[in-house]
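All ligand and atom numbering here is 1-based and tracks the order in the structure. Along the sequence shown, residues carry numbers from 1. All values derive from a computational prediction rather than experimental measurement.
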Amino acid sequence: MTKATAVGVVGCGYWGPLLVRNFKGLPNCELKGLCDTNEDRLKHLRTLYPELEAVTDYSAFLNGANLDAVVIATPVKHHFPLAKACLMAGKHTFIEKPMASSSAECEELIDIAKRKGLVLMIDHTFLYSSPVRKIAEIIDAGDLGDIRYINSRRLNLGLFQKDINVAWDLAPHDISIILHILGEFPVSINCQGNAHVTPRVEDVTNMSLMFRNGRFATIQSSWLEPRKVREMTIVGTRRMIVYDDLQTHEKIRVYDVRVERPPHYDTFAEFHYSYHYGDSYIPHIQQEEPLKVACLHFLDCINKGREPLTSGESGLEMVRILEAASESLRKNGAPVNFAPRTSAADEESDHKLHVVQAAAR
Ligand SMILES: NC(=O)c1ccc[n+]([C@@H]2O[C@H](COP(=O)([O-])OP(=O)(O)OC[C@H]3O[C@@H](n4cnc5c(N)ncnc54)[C@H](O)[C@@H]3O)[C@@H](O)[C@H]2O)c1
(Lines give C-alpha, C1' and ligand atoms only; values in the text may rest on other atoms or scores of the structure.)
Protein backbone atom coordinates (compact mmCIF):
# COMPACT_ATOMS: atom_id res chain seq x y z
CA MET A 1 0.00 0.00 0.00
CA THR A 2 1.52 3.33 -1.06
CA LYS A 3 1.41 6.33 1.26
CA ALA A 4 -1.62 8.58 0.70
CA THR A 5 -0.69 11.64 -1.35
CA ALA A 6 -1.34 14.89 0.54
CA VAL A 7 -3.04 17.32 -1.86
CA GLY A 8 -3.99 20.99 -1.59
CA VAL A 9 -6.16 23.01 -3.98
CA VAL A 10 -5.56 26.70 -4.72
CA GLY A 11 -8.43 28.62 -6.33
CA CYS A 12 -11.91 27.78 -5.08
CA GLY A 13 -14.13 29.72 -7.50
CA TYR A 14 -16.22 27.90 -10.11
CA TRP A 15 -13.92 25.00 -11.13
CA GLY A 16 -11.81 24.52 -7.96
CA PRO A 17 -14.65 22.99 -5.89
CA LEU A 18 -15.08 20.25 -8.55
CA LEU A 19 -11.42 19.36 -8.12
CA VAL A 20 -11.85 19.46 -4.34
CA ARG A 21 -14.81 17.06 -4.52
CA ASN A 22 -12.90 14.67 -6.78
CA PHE A 23 -9.63 14.57 -4.83
CA LYS A 24 -11.62 14.27 -1.60
CA GLY A 25 -13.26 11.08 -2.86
CA LEU A 26 -10.18 9.30 -4.24
CA PRO A 27 -8.45 6.39 -2.54
CA ASN A 28 -4.83 6.88 -1.53
CA CYS A 29 -5.32 10.63 -1.43
CA GLU A 30 -5.56 12.91 1.56
CA LEU A 31 -7.01 16.29 0.66
CA LYS A 32 -5.43 18.53 3.28
CA GLY A 33 -5.72 22.19 2.43
CA LEU A 34 -7.45 24.89 0.43
CA CYS A 35 -6.30 28.36 -0.53
CA ASP A 36 -8.13 31.30 -2.06
CA THR A 37 -7.51 35.02 -1.79
CA ASN A 38 -11.27 35.51 -1.44
CA GLU A 39 -12.33 34.87 2.16
CA ASP A 40 -16.00 34.52 1.12
CA ARG A 41 -15.14 31.56 -1.11
CA LEU A 42 -13.24 29.93 1.76
CA LYS A 43 -16.16 30.52 4.13
CA HIS A 44 -18.40 28.62 1.71
CA LEU A 45 -15.89 25.78 1.28
CA ARG A 46 -15.46 25.52 5.07
CA THR A 47 -19.18 24.82 5.45
CA LEU A 48 -18.80 21.90 3.00
CA TYR A 49 -15.44 20.62 4.31
CA PRO A 50 -15.02 21.82 7.92
CA GLU A 51 -12.10 19.42 8.47
CA LEU A 52 -9.88 21.11 5.83
CA GLU A 53 -7.40 23.84 6.54
CA ALA A 54 -8.48 26.81 4.38
CA VAL A 55 -6.27 29.89 4.17
CA THR A 56 -5.86 33.07 2.10
CA ASP A 57 -2.04 33.16 2.44
CA TYR A 58 -0.40 31.05 -0.31
CA SER A 59 2.99 30.70 1.38
CA ALA A 60 1.31 29.53 4.61
CA PHE A 61 -0.66 27.03 2.47
CA LEU A 62 2.49 25.80 0.66
CA ASN A 63 4.61 25.47 3.76
CA GLY A 64 2.00 24.61 6.38
CA ALA A 65 0.09 21.41 5.68
CA ASN A 66 3.00 19.19 4.53
CA LEU A 67 1.57 18.81 1.04
CA ASP A 68 2.98 16.43 -1.58
CA ALA A 69 1.03 18.00 -4.45
CA VAL A 70 -0.83 21.18 -5.33
CA VAL A 71 -3.71 21.71 -7.75
CA ILE A 72 -4.01 25.18 -9.30
CA ALA A 73 -7.45 26.40 -10.41
CA THR A 74 -7.10 30.18 -10.39
CA PRO A 75 -7.48 32.62 -13.29
CA VAL A 76 -4.78 31.94 -15.90
CA LYS A 77 -2.62 34.98 -15.15
CA HIS A 78 -1.88 33.50 -11.70
CA HIS A 79 -0.96 30.00 -12.94
CA PHE A 80 2.71 30.80 -13.54
CA PRO A 81 3.67 32.50 -10.25
CA LEU A 82 1.68 30.01 -8.18
CA ALA A 83 3.02 26.96 -10.07
CA LYS A 84 6.60 28.24 -9.95
CA ALA A 85 6.46 28.73 -6.17
CA CYS A 86 4.88 25.32 -5.82
CA LEU A 87 7.52 23.49 -7.90
CA MET A 88 10.31 25.42 -6.15
CA ALA A 89 8.85 24.17 -2.85
CA GLY A 90 9.18 20.58 -4.18
CA LYS A 91 5.46 19.85 -4.75
CA HIS A 92 4.03 17.89 -7.67
CA THR A 93 1.82 20.28 -9.62
CA PHE A 94 -1.49 19.99 -11.49
CA ILE A 95 -2.43 23.12 -13.45
CA GLU A 96 -5.78 23.88 -15.03
CA LYS A 97 -5.88 24.63 -18.77
CA PRO A 98 -4.43 26.69 -20.33
CA MET A 99 -1.11 26.04 -18.60
CA ALA A 100 0.06 29.69 -18.42
CA SER A 101 -0.18 33.08 -20.12
CA SER A 102 2.85 32.57 -22.40
CA SER A 103 5.04 29.83 -23.85
CA ALA A 104 8.08 31.33 -22.05
CA GLU A 105 6.30 30.76 -18.72
CA CYS A 106 5.44 27.18 -19.72
CA GLU A 107 9.06 26.45 -20.66
CA GLU A 108 10.30 27.74 -17.30
CA LEU A 109 7.83 25.54 -15.39
CA ILE A 110 8.77 22.46 -17.46
CA ASP A 111 12.43 23.13 -16.76
CA ILE A 112 11.95 23.44 -12.98
CA ALA A 113 9.79 20.30 -12.83
CA LYS A 114 12.42 18.34 -14.79
CA ARG A 115 15.31 19.56 -12.63
CA LYS A 116 13.44 18.70 -9.45
CA GLY A 117 12.01 15.39 -10.69
CA LEU A 118 8.41 16.48 -10.05
CA VAL A 119 5.21 15.54 -11.85
CA LEU A 120 3.75 18.44 -13.83
CA MET A 121 0.32 17.75 -15.29
CA ILE A 122 -2.01 20.04 -17.24
CA ASP A 123 -5.75 19.46 -17.08
CA HIS A 124 -6.76 18.92 -20.70
CA THR A 125 -9.85 17.28 -19.26
CA PHE A 126 -11.44 15.99 -22.44
CA LEU A 127 -8.57 13.59 -23.12
CA TYR A 128 -9.78 11.72 -20.04
CA SER A 129 -13.41 11.56 -21.21
CA SER A 130 -15.08 8.36 -22.42
CA PRO A 131 -16.66 9.86 -25.58
CA VAL A 132 -13.30 11.22 -26.80
CA ARG A 133 -11.61 7.89 -26.08
CA LYS A 134 -14.40 6.11 -27.96
CA ILE A 135 -14.06 8.48 -30.96
CA ALA A 136 -10.29 7.84 -31.06
CA GLU A 137 -10.97 4.09 -30.91
CA ILE A 138 -13.42 4.27 -33.85
CA ILE A 139 -10.98 6.37 -35.90
CA ASP A 140 -7.99 4.15 -35.09
CA ALA A 141 -9.99 1.12 -36.21
CA GLY A 142 -10.29 2.80 -39.63
CA ASP A 143 -14.11 3.06 -39.53
CA LEU A 144 -14.12 6.67 -40.75
CA GLY A 145 -11.52 6.22 -43.50
CA ASP A 146 -9.25 9.25 -43.81
CA ILE A 147 -10.38 12.31 -41.88
CA ARG A 148 -11.18 15.19 -44.24
CA TYR A 149 -12.06 17.89 -41.73
CA ILE A 150 -13.32 18.56 -38.21
CA ASN A 151 -15.73 21.29 -37.19
CA SER A 152 -16.23 22.19 -33.53
CA ARG A 153 -18.60 24.63 -31.85
CA ARG A 154 -18.46 25.58 -28.15
CA LEU A 155 -20.96 28.35 -27.58
CA ASN A 156 -23.12 29.74 -24.78
CA LEU A 157 -23.84 32.84 -22.76
CA GLY A 158 -20.54 32.21 -21.07
CA LEU A 159 -18.68 33.04 -17.93
CA PHE A 160 -16.73 36.09 -19.11
CA GLN A 161 -13.03 35.97 -18.14
CA LYS A 162 -11.10 39.19 -17.65
CA ASP A 163 -7.54 38.02 -18.31
CA ILE A 164 -8.05 35.78 -21.37
CA ASN A 165 -10.26 35.88 -24.46
CA VAL A 166 -12.80 33.22 -25.39
CA ALA A 167 -10.29 31.35 -27.59
CA TRP A 168 -7.89 30.89 -24.65
CA ASP A 169 -10.81 29.94 -22.40
CA LEU A 170 -12.81 27.49 -24.51
CA ALA A 171 -10.77 26.42 -27.55
CA PRO A 172 -8.18 24.41 -25.52
CA HIS A 173 -10.88 21.75 -25.12
CA ASP A 174 -11.43 21.50 -28.89
CA ILE A 175 -7.73 21.79 -29.76
CA SER A 176 -6.76 19.01 -27.35
CA ILE A 177 -9.42 16.70 -28.82
CA ILE A 178 -8.48 17.55 -32.42
CA LEU A 179 -4.72 17.01 -31.90
CA HIS A 180 -5.49 13.79 -30.09
CA ILE A 181 -7.63 12.27 -32.82
CA LEU A 182 -5.55 13.53 -35.74
CA GLY A 183 -2.26 12.63 -34.00
CA GLU A 184 -0.41 15.62 -35.46
CA PHE A 185 0.20 19.34 -34.98
CA PRO A 186 -1.16 22.03 -37.30
CA VAL A 187 1.15 23.71 -39.80
CA SER A 188 -0.69 27.05 -39.66
CA ILE A 189 -3.40 28.80 -37.68
CA ASN A 190 -5.90 31.54 -38.55
CA CYS A 191 -8.15 33.29 -36.09
CA GLN A 192 -10.71 36.06 -36.41
CA GLY A 193 -12.89 37.49 -33.69
CA ASN A 194 -14.38 40.46 -31.98
CA ALA A 195 -14.62 42.00 -28.50
CA HIS A 196 -18.21 43.15 -28.03
CA VAL A 197 -18.45 43.43 -24.26
CA THR A 198 -15.00 43.93 -22.67
CA PRO A 199 -12.59 46.06 -24.72
CA ARG A 200 -9.74 43.99 -26.23
CA VAL A 201 -11.07 40.68 -24.80
CA GLU A 202 -12.60 38.82 -27.76
CA ASP A 203 -15.86 37.13 -26.79
CA VAL A 204 -16.44 35.45 -30.19
CA THR A 205 -13.68 33.80 -32.24
CA ASN A 206 -13.40 31.56 -35.30
CA MET A 207 -10.16 29.62 -35.49
CA SER A 208 -8.87 27.36 -38.28
CA LEU A 209 -6.07 24.85 -37.85
CA MET A 210 -4.49 23.72 -41.14
CA PHE A 211 -2.78 20.32 -41.13
CA ARG A 212 -0.60 18.50 -43.61
CA ASN A 213 -2.24 17.02 -46.71
CA GLY A 214 -4.97 19.65 -46.79
CA ARG A 215 -6.77 18.47 -43.66
CA PHE A 216 -8.22 21.22 -41.51
CA ALA A 217 -10.26 21.90 -38.40
CA THR A 218 -12.44 24.88 -37.55
CA ILE A 219 -13.28 25.93 -34.01
CA GLN A 220 -15.99 28.43 -33.17
CA SER A 221 -15.92 29.75 -29.60
CA SER A 222 -18.40 32.19 -28.07
CA TRP A 223 -19.51 33.62 -24.73
CA LEU A 224 -22.33 35.44 -26.51
CA GLU A 225 -24.80 32.82 -27.70
CA PRO A 226 -28.32 32.33 -26.41
CA ARG A 227 -28.11 28.51 -26.62
CA LYS A 228 -25.43 26.26 -25.17
CA VAL A 229 -23.74 24.22 -27.92
CA ARG A 230 -20.93 21.67 -27.44
CA GLU A 231 -20.76 19.91 -30.78
CA MET A 232 -18.04 18.44 -32.96
CA THR A 233 -18.42 16.91 -36.42
CA ILE A 234 -15.68 14.67 -37.81
CA VAL A 235 -15.94 14.02 -41.51
CA GLY A 236 -14.14 11.00 -42.88
CA THR A 237 -13.94 9.56 -46.39
CA ARG A 238 -16.08 6.55 -45.36
CA ARG A 239 -18.18 7.66 -42.37
CA MET A 240 -18.84 10.72 -40.21
CA ILE A 241 -19.23 11.27 -36.47
CA VAL A 242 -21.29 13.87 -34.64
CA TYR A 243 -20.26 14.27 -30.98
CA ASP A 244 -22.78 16.23 -28.91
CA ASP A 245 -21.40 16.58 -25.40
CA LEU A 246 -24.68 17.98 -24.05
CA GLN A 247 -26.50 14.68 -24.60
CA THR A 248 -26.69 12.61 -21.44
CA HIS A 249 -26.41 9.16 -22.99
CA GLU A 250 -26.21 9.38 -26.76
CA LYS A 251 -23.18 11.65 -27.08
CA ILE A 252 -21.74 10.05 -30.23
CA ARG A 253 -23.53 9.14 -33.43
CA VAL A 254 -21.68 7.46 -36.30
CA TYR A 255 -23.22 8.11 -39.72
CA ASP A 256 -22.55 5.72 -42.58
CA VAL A 257 -22.82 8.45 -45.23
CA ARG A 258 -20.41 9.64 -47.86
CA VAL A 259 -20.21 11.29 -51.26
CA GLU A 260 -18.01 9.91 -54.00
CA ARG A 261 -17.00 11.09 -57.45
CA PRO A 262 -16.95 8.49 -60.22
CA PRO A 263 -13.33 7.45 -60.86
CA HIS A 264 -13.69 7.72 -64.68
CA TYR A 265 -16.12 9.44 -66.98
CA ASP A 266 -15.86 10.43 -70.64
CA THR A 267 -18.64 12.96 -71.04
CA PHE A 268 -20.19 15.42 -68.64
CA ALA A 269 -23.48 13.55 -69.02
CA GLU A 270 -21.85 10.44 -67.54
CA PHE A 271 -20.59 12.39 -64.54
CA HIS A 272 -22.68 12.20 -61.39
CA TYR A 273 -21.81 12.11 -57.70
CA SER A 274 -22.63 8.96 -55.85
CA TYR A 275 -24.30 9.44 -52.47
CA HIS A 276 -24.09 6.60 -50.00
CA TYR A 277 -26.67 6.43 -47.19
CA GLY A 278 -26.20 3.56 -44.73
CA ASP A 279 -27.26 3.00 -41.13
CA SER A 280 -26.19 5.29 -38.33
CA TYR A 281 -25.41 3.89 -34.88
CA ILE A 282 -24.85 5.11 -31.34
CA PRO A 283 -21.90 3.42 -29.62
CA HIS A 284 -22.21 2.55 -25.96
CA ILE A 285 -20.12 4.80 -23.73
CA GLN A 286 -19.04 4.06 -20.17
CA GLN A 287 -20.34 6.82 -17.87
CA GLU A 288 -17.49 8.26 -15.80
CA GLU A 289 -16.52 11.77 -14.77
CA PRO A 290 -13.54 12.88 -16.91
CA LEU A 291 -12.20 15.07 -14.11
CA LYS A 292 -12.12 12.10 -11.75
CA VAL A 293 -10.12 10.10 -14.33
CA ALA A 294 -7.71 13.05 -14.69
CA CYS A 295 -7.26 13.37 -10.89
CA LEU A 296 -6.66 9.60 -10.56
CA HIS A 297 -4.09 9.78 -13.36
CA PHE A 298 -2.22 12.59 -11.57
CA LEU A 299 -1.99 10.53 -8.36
CA ASP A 300 -0.95 7.46 -10.33
CA CYS A 301 1.86 9.39 -12.06
CA ILE A 302 3.12 10.63 -8.66
CA ASN A 303 3.06 7.13 -7.17
CA LYS A 304 4.69 5.43 -10.18
CA GLY A 305 7.06 8.28 -11.10
CA ARG A 306 5.55 8.49 -14.61
CA GLU A 307 5.07 11.38 -16.97
CA PRO A 308 1.38 12.35 -17.34
CA LEU A 309 -0.38 11.89 -20.66
CA THR A 310 -1.16 15.62 -20.59
CA SER A 311 2.30 16.73 -19.49
CA GLY A 312 3.87 20.17 -19.31
CA GLU A 313 5.04 19.65 -22.92
CA SER A 314 1.47 19.24 -24.16
CA GLY A 315 0.46 22.31 -22.13
CA LEU A 316 3.29 24.24 -23.79
CA GLU A 317 2.26 23.23 -27.34
CA MET A 318 -1.33 24.21 -26.53
CA VAL A 319 -0.22 27.67 -25.33
CA ARG A 320 1.95 28.06 -28.46
CA ILE A 321 -1.10 27.34 -30.64
CA LEU A 322 -3.11 29.91 -28.64
CA GLU A 323 -0.29 32.45 -29.05
CA ALA A 324 -0.36 31.85 -32.82
CA ALA A 325 -4.15 32.36 -32.76
CA SER A 326 -3.68 35.67 -30.87
CA GLU A 327 -1.08 36.78 -33.42
CA SER A 328 -3.49 35.96 -36.25
CA LEU A 329 -6.27 37.92 -34.45
CA ARG A 330 -3.96 40.95 -34.33
CA LYS A 331 -3.35 40.51 -38.09
CA ASN A 332 -7.08 40.33 -38.90
CA GLY A 333 -7.06 36.60 -39.47
CA ALA A 334 -3.87 36.25 -41.52
CA PRO A 335 -2.38 32.74 -41.31
CA VAL A 336 0.42 32.23 -38.80
CA ASN A 337 2.82 29.34 -39.39
CA PHE A 338 3.22 26.81 -36.64
CA ALA A 339 5.99 24.31 -36.00
CA PRO A 340 6.43 22.34 -32.80
CA ARG A 341 9.28 23.85 -30.73
CA THR A 342 12.03 21.60 -32.11
CA SER A 343 12.03 18.56 -34.32
CA ALA A 344 12.93 16.52 -31.25
CA ALA A 345 9.93 17.99 -29.41
CA ASP A 346 7.79 17.26 -32.45
CA GLU A 347 8.75 13.61 -32.43
CA GLU A 348 8.42 13.45 -28.66
CA SER A 349 5.01 15.13 -28.72
CA ASP A 350 3.84 13.04 -31.66
CA HIS A 351 4.90 10.02 -29.70
CA LYS A 352 3.07 11.31 -26.61
CA LEU A 353 -0.14 11.81 -28.58
CA HIS A 354 0.04 8.17 -29.51
CA VAL A 355 0.82 7.22 -25.93
CA VAL A 356 -2.29 9.18 -24.92
CA GLN A 357 -4.33 7.26 -27.45
CA ALA A 358 -2.94 3.92 -26.39
CA ALA A 359 -2.92 4.43 -22.64
CA ALA A 360 -6.32 6.08 -22.36
CA ARG A 361 -7.93 3.01 -23.88
N1 LIG B 1 -10.90 21.88 -17.30
C2 LIG B 1 -12.05 22.51 -17.44
O3 LIG B 1 -12.99 21.99 -18.05
C4 LIG B 1 -12.22 23.87 -16.84
C5 LIG B 1 -13.49 24.44 -16.70
C6 LIG B 1 -13.59 25.70 -16.13
C7 LIG B 1 -12.45 26.38 -15.73
N8 LIG B 1 -11.24 25.81 -15.89
C9 LIG B 1 -10.01 26.51 -15.51
O10 LIG B 1 -9.98 26.62 -14.09
C11 LIG B 1 -9.31 27.82 -13.72
C12 LIG B 1 -10.23 28.63 -12.81
O13 LIG B 1 -11.39 29.00 -13.52
P14 LIG B 1 -12.73 29.42 -12.74
O15 LIG B 1 -13.77 29.53 -13.77
O16 LIG B 1 -12.94 28.52 -11.56
O17 LIG B 1 -12.34 30.88 -12.22
P18 LIG B 1 -13.02 31.68 -11.03
O19 LIG B 1 -12.69 33.10 -11.26
O20 LIG B 1 -14.44 31.27 -10.85
O21 LIG B 1 -12.23 31.17 -9.74
C22 LIG B 1 -10.90 31.45 -9.49
C23 LIG B 1 -10.67 31.52 -8.00
O24 LIG B 1 -9.27 31.75 -7.77
C25 LIG B 1 -9.13 32.69 -6.72
N26 LIG B 1 -7.81 33.36 -6.86
C27 LIG B 1 -7.47 34.33 -7.74
N28 LIG B 1 -6.16 34.64 -7.59
C29 LIG B 1 -5.69 33.85 -6.59
C30 LIG B 1 -4.43 33.72 -5.98
N31 LIG B 1 -3.38 34.43 -6.38
N32 LIG B 1 -4.28 32.82 -4.97
C33 LIG B 1 -5.35 32.08 -4.56
N34 LIG B 1 -6.58 32.18 -5.10
C35 LIG B 1 -6.75 33.04 -6.11
C36 LIG B 1 -10.31 33.64 -6.89
O37 LIG B 1 -10.60 34.31 -5.67
C38 LIG B 1 -11.42 32.67 -7.31
O39 LIG B 1 -12.15 32.18 -6.19
C40 LIG B 1 -8.96 28.54 -15.03
O41 LIG B 1 -7.65 28.21 -15.37
C42 LIG B 1 -9.93 27.93 -16.03
O43 LIG B 1 -9.43 27.95 -17.35
C44 LIG B 1 -11.10 24.57 -16.42
Just wondering, are more than 12 heavy atoms of other shown residues or ligands nearer than 6.0 Å to CZ in R306?
-> no
Taking L31 as the fixed residue, which of L19, V20, N22 is the one that meets the side-chain contact (heavy atoms from CB on, under 4.5 Å) rule?
-> V20
T5 versus D68, side-chain donor and acceptor atoms under 3.5 Å | no
Between Q220 and N206 the two heavy atoms that sit nearest each other are CG-OD1, 2.9 Å
Evaluate the ring planes of Y273 and Y275, with Trp represented by its six-membered ring, and classify them as parallel (under 30°), tilted (30 to 60°) or perpendicular (over 60°).
-> perpendicular
Protein residues near ligand 1, heavy-atom distance below 4.0 Å?
-> V10, G11, C12, G13, Y14, W15, D36, T37, N38, R41, A73, T74, P75, V76, H78, H79, E96, K97, D123, T125, H173
Indicate whether the side chain of Y243 and that of S152 have a donor and an acceptor atom separated by less than 3.5 Å.
-> no
